[in-house]
Protein chains: 2
Amino acid sequence: MLANQGATAKIARPTTLRESVFEAILELIIVGNLEPGQHLVENELADILGVSRQPVREALQLLSGEGWVDLRPGHGAFVHAPTVAEADQLLAVRTLLETESARLAARNSDEPGVAQLRMLCARGLAAFESDDVDGSVAANSELHAAVTALSGNQVLAELTSQVARRVRWYHTPVARQRGRASWDEHTALIDAIADGDEELAAEVMRRHTEHTRHSYLEQRAGHGEESVSAPARRRRPRAAATS
Amino acid sequence: MLANQGATAKIARPTTLRESVFEAILELIIVGNLEPGQHLVENELADILGVSRQPVREALQLLSGEGWVDLRPGHGAFVHAPTVAEADQLLAVRTLLETESARLAARNSDEPGVAQLRMLCARGLAAFESDDVDGSVAANSELHAAVTALSGNQVLAELTSQVARRVRWYHTPVARQRGRASWDEHTALIDAIADGDEELAAEVMRRHTEHTRHSYLEQRAGHGEESVSAPARRRRPRAAATS
DNA sequence: GGAATGTATGCTGTAGGCAGTCGACGACAA
DNA sequence: TTGTCGTCGACTGCCTACAGCATACATTCC
């Protein structure tokens with residue numbers, strides 16, 4: 001028998017080429033190297049990534065399934081150009097899903113689960129106060145994921161994470177400016193979950209996500225842009241959502 | 001200038017082979033010709049459907065995206081075997097999404113929208129009373145889709161329709177036994193939407209979907225089966241959901 | 001000069017084929 | 001009899017090639 005493989009268990013997962021391509025293209029979209037509406041020519045991507053067209057095609061279809069690209073039959077793939085209205089709708093759905101997650105999390109909360117939430121919250125707050133933006137962002141994502149996991153509803157958790165990932169693309173520039181308040185709200189949320197107060201947890205989460213939504217809309221209101229991800233173009237956003 | 005082309009505008013949409021394959025395999029799964037857990041060999045499907053492996057592969061990945069099949073890298077595709085717990089979670093999410101849809105529909109309802117709802121409801125009720133199961137089922141789906149469309153939230157509508165489609169697979173045998181009550185609830189729902197009573201519409205929809213969920217769970221409770229779609233195997237279910 | 005048509009180019013959709021890999025089965029040894 | 005190893009078969013993942021179609025441009029006709 002081999003030695004402890006715990007550390008390698010995760011990377012031992014046989015990763016296919018199309019998944020790598022999926023991640024690579026998604027990164028290009030989020031970073032802004034690929035502009036909204038841009039035509040993604042399969043051959044070009046294949047050449048850039050050093051693979052054939054086949055895994056590129058499959059990756060593009062995966063991306064289409066999550067709403068990152070639009071697939072027009074006979075015309076190929078285009079980077080999805082989100083409108084302000086769509087972003088607003090997405091944020092509304094996010095609020096709905098996460099609010100329910102918080103409610104269920106309060107209902108099903110247990111000792112180790114709450115402990116993990118507090119740990120993630122402490123880590124995120126520490127990262128925020130030491131200006132570690134990446135760390136803060138990562139902790140935020142993990143915290144929200146942990147809440148949905150606590151809900152006990154796997155389907156809800158998957159849907160939520162998928163929506164949250166798309167949301168992160170949109171309001172990335174917004175979130176950083178309200179980082180401190182965000183972490184205070186996280187603390188209140190965890191308290192409510194620990195108390196098993198379903199209604200309070202739901203209300204706190206609802207207000208928490210709506211704050212982000214309103215910040216986003218206010219910022220967008222003045223611009224009057226149709227494509228909401230324009231400011232993310234061309235340069236790598238160092239900060240991401242902390243909602 | 002040519003004559004009126006309105007009738008041909010719709011079929012002009014270029015449908016790809018992989019979409020046809022997607023529909024075909026989905027049909028095989030829903031009908032029960034493909035049993036949960038069954039290994040879907042690409043070559044076999046390609047032979048059966050008279051196409052090459054490529055569109056089959058792409059269709060399987062689409063199916064995976066919607067949760068119909070599980071893709072294990074290096075092993076291929078397997079028909080998803082849903083558990084009772086998963087079906088329950090799915091029904092819970094469906095309730096959440098449709099309840100919000102109803103609330104928003106009441107908020108945004110307009111004259112033509114309500115008129116369409118009433119038309120669909122009348123058609124469905126007529127079909128039900130004349131034992132036209134297929135017609136009743138179709139009207140039911142269209143009615144729910146129309147409600148989500150009225151919500152004005154496209155993202156919510158897409159998510160809801162996707163979840164609803166999966167739900168239909170599970171509780172197909174359950175729904176027919178409460179067809180009449182279901183249509184009465186539909187009428188109450190439309191009234192609430194027409195009145196613009198958000199809370200009432202939401203509550204009616206919540207109770208409506210929860211009815212289905214409880215019926216489902218009660219039926220399942222006695223069986224103690226792990227795979228919930230077992231009863232749908234091997235023969236074509238003539239009736240489908242009217243929830 | 002403008003419009004319609006022919007032509008060229010580039011991309012997608014699909015087919016066929018090859019190598020790598022996983023699992024099953026049987027032989028062999030303890 | 002049981003555990004282990006090697007071989008075989010089958011299937012997946014990926015690559016290359018071809019056909020169809022749409023678009024853009026050049027050409028010809030009115």
Side-chain angles (χ1 to χ4, degrees), chain A residues 1-2 5 8-26 28-29 34-65 68-81, chain B residues 1-3 5 8-26 28-29 34-35 37-65 68-81:
Chain A
M1 181 172 291
L2 295 176
Q5 294 194 335
T8 64
K10 205 159 189 177
I11 57 176
R13 158 177 148 258
T15 175
T16 65
L17 209 45
R18 68 161 170 271
E19 289 177 34
S20 312
V21 174
F22 173 90
E23 300 288 346
I25 298 178
L26 182 54
L28 289 176
I29 292 177
L34 300 176
E35 300 186 11
Q38 179 174 343
H39 184 196
L40 299 179
V41 179
E42 296 172 354
N43 267 329
E44 290 181 9
L45 290 173
D47 289 343
I48 291 173
L49 301 173
V51 297
S52 81
R53 273 181 57 210
Q54 177 80 0
V56 171
R57 276 182 68 80
E58 297 181 354
L60 288 175
Q61 282 162 27
L62 287 178
L63 288 165
S64 166
W68 295 101
V69 306
D70 300 318
L71 243 45
R72 288 200 300 157
H75 294 258
F78 299 80
V79 179
H80 181 66
Chain B
M1 182 172 290
L2 294 175
Q5 293 193 337
T8 64
K10 205 160 190 176
I11 58 176
R13 159 176 153 261
T15 176
T16 66
L17 208 45
R18 69 160 171 271
E19 289 177 34
S20 311
V21 174
F22 173 89
E23 300 287 348
I25 298 177
L26 182 54
L28 289 176
I29 292 176
L34 300 176
E35 300 186 9
Q38 180 175 341
H39 184 194
L40 299 178
V41 179
E42 295 171 354
N43 267 329
E44 290 182 9
L45 290 173
D47 289 344
I48 292 173
L49 301 174
V51 298
S52 80
R53 274 181 56 210
Q54 179 78 2
V56 171
R57 278 181 65 82
E58 297 182 356
L60 288 175
Q61 283 162 26
L62 287 179
L63 288 165
S64 166
W68 295 101
V69 306
D70 301 318
L71 241 46
R72 289 198 299 157
H75 294 257
F78 299 80
V79 179
H80 181 65

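From a predicted model like this one, the values you see are computed outputs, not experimental measurements. Letters A, B, ... mirror the listed sequences (proteins, then strands); counts begin at 1.
As rounded to whole Å, 8 Å separates atom C1' of C/dT14 from atom CG of B/Leu17. Atom P of nucleotide C/dC11 and atom CG of A/Leu71 are separated by 16 Å, given to the nearest angstrom.
When all heavy atoms are compared, the tightest approach of B/Leu71 to B/Leu60 is CD1-O, 4.3 Å.
Here the CD1-CG distance, from B/Ile48 to B/Leu28, works out to 7.5 Å after rounding to the nearest 0.5 Å. The distance from the CD atom of B/Glu19 to the CD atom of B/Glu58 is 10.5 Å, given to the nearest 0.5 Å. To the nearest 0.5 Å, atoms CD1 (A/Ile29) and CD (A/Gln38) are separated by 9.5 Å.
For C/dT12, the OP1/OP2 oxygens have no side-chain nitrogen or oxygen of A/His75 closer than 4.0 Å.
Shown for residues 44-64 of chain B: residues whose heavy atoms fall under 4.0 angstrom of DNA chain C, namely B/Val51, B/Ser52, B/Arg53, B/Gln54, B/Pro55.
The side-chain contact (heavy atoms from CB on, under 4.5 Å) test applied to A/Leu62 returns A/Arg18, A/Phe22, not counting sequence neighbours. Shown here are the ring-ring contact (aromatic ring centres under 6.0 Å, His included) partners of A/His75, two or more places apart in sequence or in another chain: there are none. For A/Leu17, the side-chain contact (heavy atoms from CB on, under 4.5 Å) criterion is met by A/Val51, A/Pro55, not counting sequence neighbours.
Listed by first and then second residue, the salt bridge (charged side-chain N to carboxylate O under 4.0 Å, His left out) pairs involving residues 72-81 of chain B amount to none (not counting sequence neighbours).
Here the range on DNA chain D touched by chain A, meaning any atom under 4.0 Å from one of its heavy atoms, is D/dC14 to D/dT23.
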